[in-house]
Amino acid sequence: MSRPSPIAEPHKIKTVRLLSFPTPEERKKHLAEAGFNVFNLTPSQITFDMCSTGTSASSQEQLAGQLLGDEAYAGSRNFESLQSAVSEVLGHGYVCPTHNILGSIKLLVSTMVPAGSVIPSNGRDRMDVLVPREVEVVDVRDRSEPVFTGNIDLDRLAEVLTGGRVSLIDLQAFADGQHPFSLENLRAVRQLADRFGVRLVLDGSRIIENAWYVQRHEAAQGDRSIAALVREAVKTSHILQVDGAQDPKSPTGGILTTDNPADHEKLMNEVVVFEGLHTYGGMAGRTMEVLARGLREMVDEHEVHWVMLQTERFTQRLRDAGIPLERGCDGAYIDAPAFLPHVETTPRDTFSAALYFVSGVRAVAQHRKGSEGLVPVQIPRLALTNEQLDQVADAIIALHAHASEVSALQVVERGEWRDEMVYHWVFPDLDPYEFDTFPYQIHTIERVGTLTRGQREEAIRAAGYNTFLLPSADVTIDLLTDSGTSAMSSDQWAAYEATRASAATSDEYHRLVRVLREALGYQHIIPTHQGRAAEHILSQIMIQPGQLVPGNMYFTTTKLHQELAGGVFVDVIVDEANHADSTHPWKGDIDLDKLRALVDEHGADRIAYVSFEHSVNMAGGQPVSMDNMKEVYAYCSGVGIPVFFDATRVVENAYMIQSRDPRYHETPVKDILREMMIYGDGCTVSGKKDFLINIGGLLAFRANAEWAEKARELLRIYEGNVTDGGLATADLAAMSRGVEEMVDDRYIRSRVRQTELLGRMLLDAGVPIVTPPGSHAIFLDAKRFLPHIDQDEYPAQRLAAEIFVETGVRAMERGNVSKGRNPKTGENYRPALELVRLTLPRRVYTNDHMRAVADGVIRLYERRQDIRGLRFVYEPEKLRFFQGRFEAL
Ligand code: P71
């Protein structure tokens with residue numbers, strides 16, 4: 001069987017959780033307050049928290065499950081759902097729920113482990129909790145086995161069993177996070193258990209990692225699925241215990257499962273004493289639901305391979321740099337005594353303190369007597385990107401280079417448990433490590449389409465070669481648009497959920513007005529349901545029939561509303577904008593000479609206003625320079641012409657000014673944005689782009705109360721209340737937080753750099769794109785990509801279709817099909833730009849996704865000669881690009 005070898009996540013990001021970036025000074029303070037024990041730090045003080053228990057990103061189905069908790073005391077639907085997941089995925093017929101893994105152990109011990117008995121085990125992790133219970137744990141791990149280091153030494157086990165006091169055999173999957181067993185060994189242990197009449201208890205908290213290891217390394221297991229391997233392992237044991245906070249990606253919870261009705265009955269009768277009723281076991285109903293869904297999802301082959309690949313890659317990067325470590329199933333376990341050879345008594349906690357001190361990363365050794373000297377740097381499942389992990393590894397590598405300068409923590413208070421330790425420390429003189437990556441981690445994911453190439457061929461044919469008509473479930477990476485496709489943050493969601501909805505004025509309206517006044521510097525704030533609603537109102541109040549509206553290239557909805565108000569759009573963008581291969585840095589600028597000539601010819605009275613778009617979409621996401629905004633405004637205010645911005649992508653434009661204009665390199669994006677807005681009289685915004693919301697828009701005026709009054713009149717007629725613009729109150733709440741998040745310098749830099757990364761990879765391979773790369777999208781130049789296809793055979797349309805077939809990536813045609821036919825002649829317009837837009841949603845895809853996109857497009861470019869054109873089989877009269885259907889020539 002060929003195993004999927006993923007080059008990118010088999011999912012996209014659904015919601016994000018913002019990261020904290022404490023400064024070096026703040027980190028000193030936090031460490032001192034924490035008694036130099038990183039256990040005491042909290043996530044708001046930490047950038048990357050490298051612990052894998054209960055910290056996994058969940059699926060959107062798990063998130064939804066959280067809201068399906070049927071919080072009944074007895075016999076809840078959530079328990080039924082847990083039962084069926086257990087029987088389908090694990091194969092055991094009975095399940096006893098517990099509050100977490102400690103609850104499971106407690107239950108096992110009190111039902112099956114008499115005091116004074118012996119438990120042979122391949123792990124040492126659990127000794128902490130068993131020792132005080134007067135149970136002797138005997139280490140029977142086979143130390144001579146090089147590959148399956150978690151195997152049990154069968155002779156030794158037989159010897160211990162012969163001793164007679166054995167209550168049960170404990171076999172851990174990936175024991176102590178480092179030692180996997182083989183199926184062969186498991187089967188042999190089971191035989192021994194049966195021979196001696198002792199139960200084999202499997203701790204399957206890391207059963208997935210173990211199954212993956214078996215699939216890779218055990219003879220004759222390579223062709224079996226993770227699901228089949230997991231099932232066999234479970235069925236080979238008498239009792240299974242699972243920590244819900246591990247492989248099932250639940251925040252907490254646990255299960256004990258079995259096929260033996262008598263064992264189940266014992267557990268059931270005991271669970272009520274310590275945990276809860278046998279149908280909830282100390283878990284909230286919602287937790288059972290999340291756990292049940294997690295069990296079903298954890299055997300997903302694509303996901304398992306991605307998670308394990310991340311671990312391999314992370315560990316390898318550290319190992320290549322000479323970091324002393326042991327490979328863990330969920331990360332790299334740093335050998336602290338070897339890392340800090342001069343630190344004698346407290347190497348583990350000194351390592352942890354030093355790593356936090358230099359980078360804000362937390363790696364903490366908890367009460368893990370079984371892994372002396374190791375500090376686990378674990379990867380929260382699905383939560384971090386490879387780029388982030390590379391940088392975490394680099395922080396460790398940077399620390400290692402100066403390890404000799406790190407002095408030992410001094411013990412102030414000692415405790416039995418590691419969390420009780422208190423230290424004092426002299427800070428070493430080390431340079432801080434600076435992260436330059438997404439300032440958020442993945443909170444929930446959405447699985448993406450995984451069609452085969454053959455299935456995609458079928459799908460695109462069924463969609464009439466029109467990417468608008470593809471079902472999104474069939475798409476692997478969706479680059480159709482950046483509109484309304486952003487991943488919201490958990491803070492946005494929290495505000496959304498906490499909203500007190502109102503049919504009149506709401507607190508959220510007042511907050512939105514406050515936040516937008518601060519962000520834009522505009523006095524009059526009018527929410528609308530999305531961008532085109534604001535364009536409609538602005539056009540109606542500002543345009544007299546017959547007036548001209550000069551602008552820097554048209555956008556479809558903007559121009560349409562100007563025309564509906566009787567205006568005539570005139571394009572006054574610089575000429576460079578129409579040349580796909582010009583590398584002019586400010587291709588969004590207005591050509592002031594063109595504007596002056598227009599005013600001179602027609603008179604200022606004939607001009608309604610200047611329509612000035614930031615990061616000009618149709619030109620390829622090209623920015624406007626600060627100087628151009630100033631000059632246009634100075635000129636227009638001199639002759640009495642208002643200037644209105646389309647500020648839909650204003651933040652991206654502000655970032656471009658920060659990065660391309662040396663005078664602004666040190667200026668925060670938030671301040672650049674405020675200056676930009678000074679050079680306009682008002683703006684329309686589609687909030688679905690830069691403002692990080694899935695729905696919403698905005699009309700705003702800097703100072704003119706009369707315009708605002710007129711606009712509100714129309715708002716009441718067409719949209720909704722002046723205090724909501726037709727949006728749900730909760731959407732206003734999401735917008736306020738979106739506006740606060742969008743001006744974060746780290747965020748916007750990582751956003752635009754991602755687009756530039758995609759552009760750079762394509763340019764390096766010689767693929768023709770619009771240059772320089774824009775901020776929200778990369779536009780392929782179909783005229784140069786497919787020079788052998790005549791424009792009336794729709795090269796861009798075909799290219800978009802072929803990209804889908806080749807890679808599962810969905811793009812959008814922006815060429816002859818979009819532009820339409822001249823109504824007088826019936827001929828296609830054959831526009832200068834024949835483009836395919838690859839548009840990047842915000843916070844949704846990782847840079848590995850971008851690599852997958854680039855690989856696919858480059859492969860296609862190499863076989864471009866084989867690509868033919870299309871002909872219409874169904875051609876709507878208006879906006880034909882949405883519904884039109886084609887057949888291949
Ligand atoms: C984009 C979109 C969405 C779209 C609109 C029409 C056809 C295809 C796709 C929408 C914009 C935009 C600018 C600069 C106003 C709107 C309309 N862009 N100004 O790029 O880019 O806003 O969708 O919220 O009504 O895919 P609205």
Side-chain angles (χ1 to χ4, degrees), residues 466-469 472 478-486 526-539 549 551-564 569 571 573 577 588 611-624 644-653 680 682-700 718-719 725-727 731 734-735 738 755 770 774-779 796-797 800 810-815 817-820 833 835-842 844 876 878-884:
N466 184 347
T467 53
F468 278 104
L469 300 178
S472 77
D478 202 344
L479 305 187
L480 187 72
T481 178
D482 64 332
S483 181
T485 51
S486 302
I526 301 166
T528 61
H529 86 274
Q530 61 180 59
R532 64 196 74 183
E535 292 170 345
H536 170 218
I537 293 171
L538 180 72
S539 303
V549 190
N552 53 344
M553 205 173 263
Y554 77 101
F555 185 74
T556 48
T557 57
T558 322
K559 176 162 167 271
L560 185 67
H561 284 295
Q562 290 164 0
E563 288 167 355
L564 288 173
F569 175 82
D571 196 348
I573 201 165
S611 178
F612 207 169
E613 184 189 337
H614 297 130
S615 308
V616 182
N617 192 355
M618 299 299 267
Q622 300 296 331
V624 181
F644 287 105
F645 289 124
D646 180 337
T648 296
R649 295 184 181 85
V650 63
V651 192
E652 291 176 355
N653 200 128
C683 67
T684 57
V685 171
S686 167
K688 301 168 73 171
K689 286 81 171 177
D690 272 358
F691 289 47
L692 294 171
I693 46 176
N694 304 125
I695 194 68
L698 168 73
L699 175 58
Y718 291 106
E719 293 295 315
L727 288 166
D731 288 315
M735 179 151 33
T755 313
V770 174
S775 50
H776 73 301
I778 294 301
F779 289 70
Q797 185 77 24
R810 172 153 71 173
M812 190 193 284
E813 192 264 8
R814 295 277 87 167
V817 177
S818 296
K819 189 89 192 222
L833 296 178
L835 307 175
V836 171
R837 188 179 75 169
L838 299 166
T839 333
L840 278 62
R842 293 168 185 77
V844 170
K878 282 187 210 134
L879 301 179
R880 60 181 182 172
F881 57 91
F882 281 128
Q883 309 287 347

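Start at 1 and go down the list; that is how both ligands and their atoms are numbered. When a residue number appears, it is its place in the shown sequence, counting from 1. Because only heavy atoms are used, hydrogens play no part in the values below, and waters and symmetry mates are left out as well, while side chains stay in.
Of the polar atoms of Phe882, none of the N or O atoms is found under 3.5 Å from an N or O of ligand 1, judged by distance alone. At a 3.5 angstrom cut-off on N or O pairs, Thr557 does not count as close to ligand 1. Checked against a 3.5 angstrom limit, the closest N/O atoms of Thr556 and ligand 1 fall outside it. In terms of N/O distances under 3.5 Å, ligand 1 is approached by Gln530. Checked against a 3.5 angstrom limit, the closest N/O atoms of Thr558 and ligand 1 fall outside it.
With ligand atoms numbered from 1 in the order given, ligand 1 contributes 14 (C) to contacts under 4.0 Å with heavy atoms of Glu613. Contact atoms of ligand 1 toward Arg649: 12 (C), 14 (C), 20 (O), 21 (O) (distance under 4.0 Å to a heavy atom of the residue).
At a heavy-atom cutoff of 4.0 Å, ligand 1 is contacted by no atom of His776, backbone or side chain. The side chain of Asp646, and not its backbone, has at least one atom closer than 4.0 Å to an atom of ligand 1 (non-hydrogen atoms only; side chain from C-beta on). Of the heavy atoms in Tyr554, none comes closer than 4.0 Å to ligand 1. For Lys688, every heavy-atom contact with ligand 1 shorter than 4.0 Å involves the side chain, none the backbone.
In this structure, Phe468 and Phe882 have perpendicular ring planes: the angle between them is above 60°, well past the 30° mark.
Side-chain contact check for His776 and Asn617: at least one donor-acceptor pair (N or O, by modelled atom type) lies under 3.5 Å.
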Would you sort out whether Asp478 and Arg810 count as a salt bridge (charged side-chain N to carboxylate O under 4.0 Å, His left out), showing the intermediate values?
CA-CA 5 Å; Asp478 202 344; Arg810 172 153 71 173; 2.8 Å; yes
Walk me through whether Val770 and Gln622 qualify under side-chain contact (heavy atoms from CB on, under 4.5 Å).
CA-CA 10 Å; Val770 174; Gln622 300 296 331; 4.0 Å; yes
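Evaluation of the side-chain hydrogen bond (donor to acceptor under 3.5 Å, both in side chains) rule for Ser775 yields Glu652 as partners, not counting sequence neighbours.
Of the protein's non-hydrogen atoms, Phe555 CZ, 4.1 Å is the one closest to atom 4 (C) of ligand 1. Of all protein heavy atoms, the one closest to atom 15 (C) of ligand 1 is Glu535 OE2, 3.1 Å. Scanning the protein heavy atoms around atom 10 (C) of ligand 1, the nearest turns out to be Lys689 NZ, 2.8 Å.
Between the choices Gly697, Ser686, Ala534, the shortest heavy-atom distance to atom 22 (O) of ligand 1 belongs to Ser686.
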